[in-house]
Number of protein chains: 2
Amino acid sequence: MKRTDVHHPIFDEVADLARTLGHAHRLVLLRHIADGELAVEQLTQLSGIALANTSQHLQHLKRAGLVQTRRDGKRVLYRLADGPIENVFAALRSLANHRREQIREFINDSISQPDRLENISREELVRRMRNDEVVLLDVRPQNEFATGHLPGAINIPADELEQRLAELPREKVVVAYCRGVQCVLSADALAILRARGWASRRFEGGLPEWAAAGLGVEGTNYESG
Amino acid sequence: MKRTDVHHPIFDEVADLARTLGHAHRLVLLRHIADGELAVEQLTQLSGIALANTSQHLQHLKRAGLVQTRRDGKRVLYRLADGPIENVFAALRSLANHRREQIREFINDSISQPDRLENISREELVRRMRNDEVVLLDVRPQNEFATGHLPGAINIPADELEQRLAELPREKVVVAYCRGVQCVLSADALAILRARGWASRRFEGGLPEWAAAGLGVEGTNYESG
DNA sequence: CAATCAATCAATCAATATGTTGAATGATTG
DNA sequence: CAATCATTCAACATATTGATTGATTGATTG
């Protein structure tokens, strides 16, 4: 009788879009791409996904209009397309968190609680830095660290952290940071640190928030970036 | 050993969620459920999806935590679960629209190019009104509407349209009109409606053409205006 | 131009997802 | 309790998706 909106194309379009986001690998890739233009091989390194597989997922993302490409010499650089992509991701993540909180009301999962126990505000960070209560841990790659970092920060890229934990003092609170809210490196670092029993927090805003607040940055040429 | 973010469970959870939204049938079902608690068979009627199939998709949604159920007699009623589900929906839809608009830029510029698929003639409008196939949408401000409007028209000023879309029926073609050819309100309205998947047309002549043709006008004192 | 590098393509297999059918369950009605 | 109604389950056929491998294309380098 009532042949309704099943046939309306918007549902198919939205579904396609959702399906494109429906694979962890593609989400991981998108996340990295959101941090800036990256070549395919860099993405394989960052994500640990096999080369051809990475390429396929990237093309899936491209077909869906979520990323765009340009060629630079022999490399193909992927960047985020225009449009409210981050909103979708944020909404999905927030919904996932909401569900997770409901399910795990009892369990104290340090990763899933993006709250006061995990994050440290810029204000609190500045105060505790003055009191020398914290150690800053920059978990970005070396080159990014060299360009600019928070004063006094130690640089241990996230993927080396597990091996180099010994370099971190036990007697202070470790505050990890990376490229900013959309970057998960510091969250990963926190998971590792907490698993190993370090007192640790995450400065979610990362370098961008710090610099935007007009606080000093150490490094070669952060201004030019 | 490289502990990258591929292993971060949030990506899997978000991906699961996205995959659940990655099928037009489930989106259609969700959409209906969002309007209120509904039983399975009602949903099959509304959506046109086969019974067992509907049930399966509903259970998929339930597993994903997007809907909840309760029993009422022999029927099982589905309702939307708590949490920011609508946000995800809205974000996805808005992204889909964004892409669609980019594609459409080649095809036509909806405001400047009168397009027969978009505009409805007075003759066709009259005919379809007689058959009760259309809903008239007056997008002018309230006071103008009060003075005079097409018979049976609903009044939703253009700038409130986005918030009040729920007031419009899905099963009829929405015909938007405003002050006449030189007024862009109805064109804006059409953009919104079509972006959200409404079957919609524009009566470009608006109230002036209607009245000039000697057709009846509802309202307090159109003559005096 | 041959060698090399980055990325994509093509082909395959395994794993999942979907739609359909008909049977089974759970609750209500007479 | 048998009959009925609403929903779910189970099983199957089919389609889609994902990972892997090796070949191929495009651009650069010497």
Side-chain angles (χ1 to χ4, degrees), chain A residues 1 3 6-7 11-30 32-33 36-79, chain B residues 2 4 6-7 11-30 32-33 36-79:
Chain A
M1 51 188 298
R3 180 62 55 118
V6 180
H7 303 294
F11 287 105
D12 286 300
E13 291 180 33
V14 172
D16 283 346
L17 213 45
R19 217 178 306 124
T20 300
L21 297 174
H23 194 291
H25 284 183
R26 285 192 288 271
L27 295 178
V28 169
L29 292 171
L30 264 185
H32 286 300
I33 292 171
E37 234 182 8
L38 287 170
V40 179
E41 205 187 342
Q42 295 179 281
L43 283 165
T44 68
Q45 305 260 328
L46 290 167
S47 67
I49 304 166
L51 176 64
N53 200 1
T54 301
S55 177
Q56 278 192 141
H57 283 301
L58 287 171
Q59 280 165 77
H60 194 155
L61 290 170
K62 190 178 174 185
R63 242 176 289 130
L66 295 172
V67 300
Q68 297 178 326
T69 61
R70 75 181 173 91
R71 228 195 160 101
D72 172 33
K74 22 183 148 173
R75 294 177 314 155
V76 174
L77 301 181
Y78 281 79
R79 65 179 183 283
Chain B
K2 215 180 339 186
T4 58
V6 180
H7 304 99
F11 286 105
D12 285 301
E13 292 182 31
V14 172
D16 283 346
L17 214 45
R19 217 176 306 122
T20 300
L21 297 174
H23 194 291
H25 284 183
R26 286 192 287 273
L27 294 179
V28 169
L29 291 172
L30 263 185
H32 284 128
I33 292 171
E37 235 182 9
L38 287 169
V40 180
E41 204 187 344
Q42 295 178 281
L43 284 166
T44 69
Q45 304 260 328
L46 289 168
S47 66
I49 305 166
L51 177 63
N53 200 0
T54 301
S55 176
Q56 280 191 140
H57 283 300
L58 287 171
Q59 280 166 78
H60 194 155
L61 290 170
K62 190 179 175 184
R63 242 178 288 131
L66 295 172
V67 300
Q68 298 178 325
T69 62
R70 76 182 172 89
R71 221 186 168 109
D72 172 34
K74 21 183 149 171
R75 293 178 315 155
V76 175
L77 301 180
Y78 281 79
R79 65 179 183 281

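Lettering follows sequence order; numbering is per chain, from 1. Because the structure is predicted, anything quoted here is derived from the model rather than measured. Computed over heavy atoms, backbone and side chain alike; hydrogens, waters and symmetry mates excluded.
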In chain order, what residues pass the side-chain contact (heavy atoms from CB on, under 4.5 Å) check against B:His57, with sequence neighbours excluded?
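B:His57 satisfies side-chain contact (heavy atoms from CB on, under 4.5 Å) with B:His23, B:His25, B:Arg26, B:Leu29, B:Asn53 only.
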Gap between atoms [atom1] and [atom2], on [X] and [N] respectively (whole Å):
{"X": "A:Arg70", "N": "C:dA7", "atom1": "CZ", "atom2": "P", "result": "12 Å"}
{"X": "A:Gln42", "N": "C:dA6", "atom1": "CD", "atom2": "P", "result": "11 Å"}
{"X": "A:Asp12", "N": "C:dT18", "atom1": "CG", "atom2": "C1'", "result": "14 Å"}
{"X": "B:Asn53", "N": "C:dT18", "atom1": "CG", "atom2": "C1'", "result": "7 Å"}
{"X": "A:Glu41", "N": "C:dC5", "atom1": "CD", "atom2": "C1'", "result": "9 Å"}
{"X": "A:Glu37", "N": "C:dA6", "atom1": "CD", "atom2": "P", "result": "17 Å"}

For A:Glu37, what residues pass the salt bridge (charged side-chain N to carboxylate O under 4.0 Å, His left out) criterion, not counting sequence neighbours?
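Here the qualifying residues are A:Arg70.
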With Watson-Crick and G-U wobble geometry limited to distances under 3.5 Å, how should the secondary structure of DNA chain D be encoded in dot-bracket form, using | for bases paired to another strand and [ ] for crossing pairs?
||||||||||||||||||||||||||||||
Name every residue in residues 55-63 of chain B that has at least one heavy atom under 4.0 Å from any atom of DNA chain D, in order of residue number, or write none if there are no such residues.
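Those residues are B:Ser55, B:Gln59.
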Between A:Arg19 (side chain) and A:Leu21 (backbone), is there a donor-acceptor pair under 3.5 Å?
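Here the side-chain-to-backbone pair does not exist.
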Mind checking which nucleotides bracket the chain A contacts on DNA chain D, 5' to 3', with an atom under 4.0 Å from a heavy atom?
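Listing 5' to 3', DNA chain D meets chain A from D:dT17 to D:dT28.
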For nucleotides 22-27 of chain C, print each protein N/O atom paired with a nucleotide N/O atom at under 3.5 Å, atom names and distance only.
residue: C:dA27; atom: O3'; partner: B:Gly73; partner atom: O; Å: 3.4

Side chain to side chain contact (heavy atoms under 4.5 Å, CB included), paired with B:Tyr78, selected from B:Leu30, B:Leu66, B:Val67
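Looking at B:Leu30, B:Leu66, B:Val67, the match for B:Tyr78 under the side chain to side chain contact (heavy atoms under 4.5 Å, CB included) is B:Val67.
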Close side-chain approach of A:Leu51 and A:Val40, heavy atoms under 4.5 Å:
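In contact.
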